[in-house]
Amino acid sequence: MDIAEPVMWPMPEQGAGEGFEAAMEDAVFRHSLANLRTFPWIRDAEKAGHLSLSVWRFHIATGELPTV
């Protein structure tokens with residue numbers, strides 16, 4: 001979870017509960033994608049159209065796998 005720390009603590013106050021959790025998750029997803037793109041082979045493959053990065057949020061309780 002250390003990788004998420006740069007986006008977790010600067011989050012503006014958005015209350016508590018699902019809204020805040022969703023905003024935190026979205027920030028971590030964006031940060032993770034940005035981190036992946038720092039690897040030259042990933043960045044180059046994506047730029048060449050050989051790789052497409054996506055984020056998926058799996059809801060364990062419901063079994064749903066909606067896209068983000």
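We're numbering straight along the sequence, starting at 1.
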(request) Of all the heavy-atom pairs spanning W56 and F29, show the shortest one and how long it is. (result) O-CZ, 4.4 Å

(message) With salt bridge (charged side-chain N to carboxylate O under 4.0 Å, His left out) as the rule and sequence neighbours excluded, what pairs involving residues 42-54 come up?
(response) R37-E46

(request) Quick one: pull up CG in N35 and CZ in R30 and give me the separation to the nearest 0.5 Å. (result) 15.0 Å

